[in-house]
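Just so you know, these numbers come straight off a predicted model, no measurement behind them. Index from 1, following the sequence. Counting convention: from 1, in listed order, for ligands and their atoms alike.
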Amino acid sequence: MKHAAVIGIGSYLPERRLTNQDLEGMVETSDEWITTRTGIRERRLAEIDQATSDLATEAGRRAMADAGIEANDLDLLVVGTSSPDMIFPSTACITQANLGLTCPAYDVMAACTSFIFALQNATAAIESGRARTVMVIGADALTRHVDFSDRGTCILFGDGAGAFILQASDEPGVLGIELGSDGKGGDVLKIPAGGSALPATVERVEAGLHYVQMAGNEVFKFAVRVIPKATEAALAASGMAVSDLTWLVPHQANQRILNTVAERLGVPDERVVSNIELTGNTSAASIPLAVDDLYTNGSLHPGDVLALVGFGAGLTWGAAVVRWTKEVQ
Ligand code: ACO
């Protein structure tokens with residue numbers, strides 16, 4: 001059986017910065033409260049004329065350049081997102097057209113865990129022999145769905161995109177993936193309106209039902225419970241232990257969540273990747289963005305073992321253990 005190995009990576013953050021100081025002028029909050037409770041100092045916002053597919057396109061373009069592949073080399077594009085440009089066509093199809101690809105393209109929606117779910121699709125396609133080269137993109141513009149008068153949510157989210165190119169290889173790259181869902185927990189994090197349950201009406205928009213609603217404390221408790229369990233399960237499926245990890249790359253939702261899971265897993269702080277200070281929670285983009293940060297600053301080397309761990313609405317969670325095989329350029 002062939003394995004799926006990462007041969008290219010790229011990411012994109014929009015230019016526009018929203019700092020904690022900017023938020024102090026918008027809601028009753030303070031830079032001190034936000035940094036102490038979340039570790040976030042600033043986040044990026046997509047420009048008004050940038051949709052999720054535009055972020056995905058730029059990340060995808062950079063990943064293709066990094067991998068040194070052409071449009072025709074790709075057999076499949078999977079985009080993980082929960083802020084699609086529109087209900088249909090899929091963000092993957094729009095991105096496919098932007099990049100001049102001809103391969104099948106579809107979206108996977110698992111909120112902030114979308115990238116890990118999409119990675120599972122890509123890996124399965126390669127391992128089954130149905131595809132040789134696959135692009136997986138995590139892209140979100142969740143700030144489009146945030147109520148900027150709700151201080152409990154508007155301080156958290158930012159926009160961005162990150163992409164991996166995976167290719168069939170004799171050398172193991174993606175070693176193991178564990179996914180999970182608990183639909184009974186759906187109420188703690190949702191965007192109630194805008195879908196088939198509550199289609200957009202003036203009344204619903206005025207009531208703010210198309211914005212993110214979150215029971216922050218419940219999500220926090222869920223995250224610190226599920227991240228260690230998912231990481232340990234994916235490591236076990238890969239025949240590895242926590243001590244084998246070079247890097248733990250958790251979904252960047254809150255620095256306190258990162259600190260708690262590192263402690264519970266017994267991973268030293270310096271092995272836990274964090275870029276949340278400058279990005280906020282970029283949802284499906286956060287894990288590939290964090291890995292690309294490691295890659296571009298020269299901290300990833302062939303043989304390194306990474307655990308990529310996401311969680312989010314659904315509720316959903318997922319962890320992938322990846323052996324890095326690509327040389328730093
Ligand atoms: N500025 C100042 N005060 C605030 C703010 C703010 N921005 N937000 C809330 N507060 C207040 C609250 O009103 C509350 O005041 P009270 O004690 O007078 O009632 C107090 O601060 C404490 O509020 P909590 O909600 O208990 O604060 P907490 O420490 O839990 O932090 C936070 C809130 C940051 C949202 C945290 O719960 C968290 O990060 N949760 C996880 C969220 C998450 O990861 N979401 C992403 C999921 S991924 C996806 O799929 C989209």
Exercise. Determine, stepwise, if the pair K326 / D66 fulfils salt bridge (charged side-chain N to carboxylate O under 4.0 Å, His left out).
Key: CA-CA 10 Å; K326 184 176 165 54; D66 183 54; 3.8 Å; yes
Practice problem: Look at the side chain of W317 and the backbone N and O of D182, then say whether any donor-acceptor pair between them is shorter than 3.5 Å. | Solution: no
Quiz item: When you measure from atom 24 (P) of ligand 1 to every protein heavy atom, which one gives the shortest distance, and what is it?
Solution: N217 ND2, 4.1 Å
Quiz prompt | Residue E28 vicinity, atoms of ligand 1 by number, heavy atom under 4.0 Å | solution = 1 (N), 2 (C)
Quiz item: Just by distance, do the side chain of T113 and the backbone of G312 share a donor-acceptor pair under 3.5 Å?
Solution: yes
Practice problem: Mark yes when over 12 heavy atoms from residues, nucleotides or ligands other than R132 sit less than 6.0 Å from its CZ; otherwise mark no. | Solution: no
Quiz prompt | A253: numbered ligand 1 atoms lying under 4.0 Å from its heavy atoms | solution = 44 (O)
Exercise. Determine yes or no for a side-chain-to-main-chain donor-acceptor pair under 3.5 angstrom, with R204 supplying the side chain and A193 the backbone.
Key: no
Self-check item: Any donor-acceptor N/O pair, D292 side chain to S11 backbone, under 3.5 Å
Solution: yes
Practice problem: Mark up the atoms of ligand 1 that fall under 4.0 Å of a heavy atom belonging to G312, in ascending order. | Solution: 48 (S), 49 (C), 50 (O)
Quiz item: For atom 9 (C) of ligand 1, is some protein heavy-atom partner under 4.0 Å away?
Solution: yes
Exercise. Evaluate the ring-ring contact (aromatic ring centres under 6.0 Å, His included) criterion for residues H251 and F311: first the C-alpha distance (whole Å), next the side-chain angles of each, then the deciding distance (0.1 Å), finally the verdict.
Key: CA-CA 7 Å; H251 169 45; F311 69 92; 5.1 Å; yes
Quiz item: atom 1 (N) of ligand 1: which protein heavy atom is closest, and how many Å away?
Solution: T29 OG1, 2.6 Å
Exercise. State whether the shortest distance between N or O atoms of R151 and N or O atoms of ligand 1 falls below 3.5 angstrom.
Key: yes
Practice problem: Please work out which of the three classes, parallel, tilted or perpendicular, describes the rings of Y295 and W324, given edges at 30° and 60°. | Solution: tilted
Quiz item: Does D170 pair with K2 as a salt bridge, N-O distance under 4.0 Å?
Solution: yes
Quiz prompt | Protein non-hydrogen atom found under 4.0 Å from atom 28 (P) of ligand 1 | solution = yes
Quiz item: Between K229 and E232, is there a salt bridge with N-O shorter than 4.0 Å?
Solution: no
Quiz item: Is there at least one pair of N or O atoms, one from S30 and one from ligand 1, spaced under 3.5 Å apart?
Solution: no
Quiz item: Taking the side chain from D107 and the backbone from A92, do they hold a donor-acceptor pair closer than 3.5 Å?
Solution: yes
Quiz prompt | S114 side chain vs M109 backbone, donor-acceptor pair below 3.5 Å | solution = no
Exercise. Ignoring hydrogens and angles, tell me if any N or O in the side chain of H301 forms a donor-acceptor pair with the backbone of G298 under 3.5 Å.
Key: yes
Quiz prompt | Per-residue contact class, T38 against ligand 1 - non-hydrogen pairs under 4.0 Å | solution = side chain
Exercise. Pull out every atom of ligand 1 sitting under 4.0 Å from any heavy atom of N281, numbered as shown with elements.
Key: 46 (C), 48 (S)
Quiz item: How close does the nearest protein non-hydrogen atom get to atom 41 (C) of ligand 1, and which residue and atom is it?
Solution: G216 O, 3.5 Å
Quiz item: Does the protein place any heavy atom closer than 4.0 Å to atom 17 (O) of ligand 1?
Solution: no
Exercise. Using only heavy-atom distances, determine whether the side chains of N254 and T38 contain a donor-acceptor pair under 3.5 Å.
Key: no
Quiz item: Could an N or O of ligand 1 be found under 3.5 Å from any N or O of R37, whether backbone or side chain?
Solution: yes
Quiz prompt | Those atoms of ligand 1 less than 4.0 Å from some heavy atom in R256 | solution = 28 (P), 29 (O), 31 (O)
Quiz item: Where is the nearest protein heavy atom to atom 51 (C) of ligand 1: which residue, which atom, and how far?
Solution: C112 SG, 2.9 Å
Practice problem: Taking R264 for its side chain and V224 for its backbone only, find out whether a donor-acceptor pair lies under 3.5 Å. | Solution: yes
Quiz item: Does A313 reach ligand 1 with a nitrogen or oxygen that is under 3.5 Å from one of the ligand's nitrogen or oxygen atoms?
Solution: yes
Quiz item: Is there any N or O on H251 that sits under 3.5 Å from an N or O of ligand 1?
Solution: no
Quiz item: If we only count N/O pairs under 3.5 Å, is I34 in contact with ligand 1?
Solution: no
Exercise. Could you find the nearest protein heavy atom to atom 43 (C) of ligand 1 and give me its residue, atom name and distance?
Key: V219 CG1, 3.5 Å
Quiz item: Quick one: which ligand 1 atoms are inside 4.0 Å of a heavy atom on I155?
Solution: 7 (N)
Exercise. Provide, to 0.1 Å, the distance between atom 39 (O) of ligand 1 and the closest protein heavy atom, together with that atom's residue and name.
Key: N254 ND2, 2.7 Å
Quiz item: Is S283 in polar range of ligand 1, meaning some N or O pair under 3.5 Å apart?
Solution: no
Self-check item: ligand 1 versus L189: contacting region, heavy-atom distance under 4.0 Å
Solution: side chain
Quiz item: How far is atom 45 (N) of ligand 1 from its nearest protein heavy atom, and which residue and atom is that?
Solution: M214 SD, 3.3 Å
Exercise. Select the closest option to atom 5 (C) of ligand 1 among F311, F157, F220, W33, judged by heavy-atom distance.
Key: W33
Quiz item: Salt-bridged, D75 to R130, with N to O below 4.0 Å?
Solution: no
Self-check item: Subset of ligand 1 atoms that lie under 4.0 Å from at least one heavy atom of A111
Solution: 50 (O)
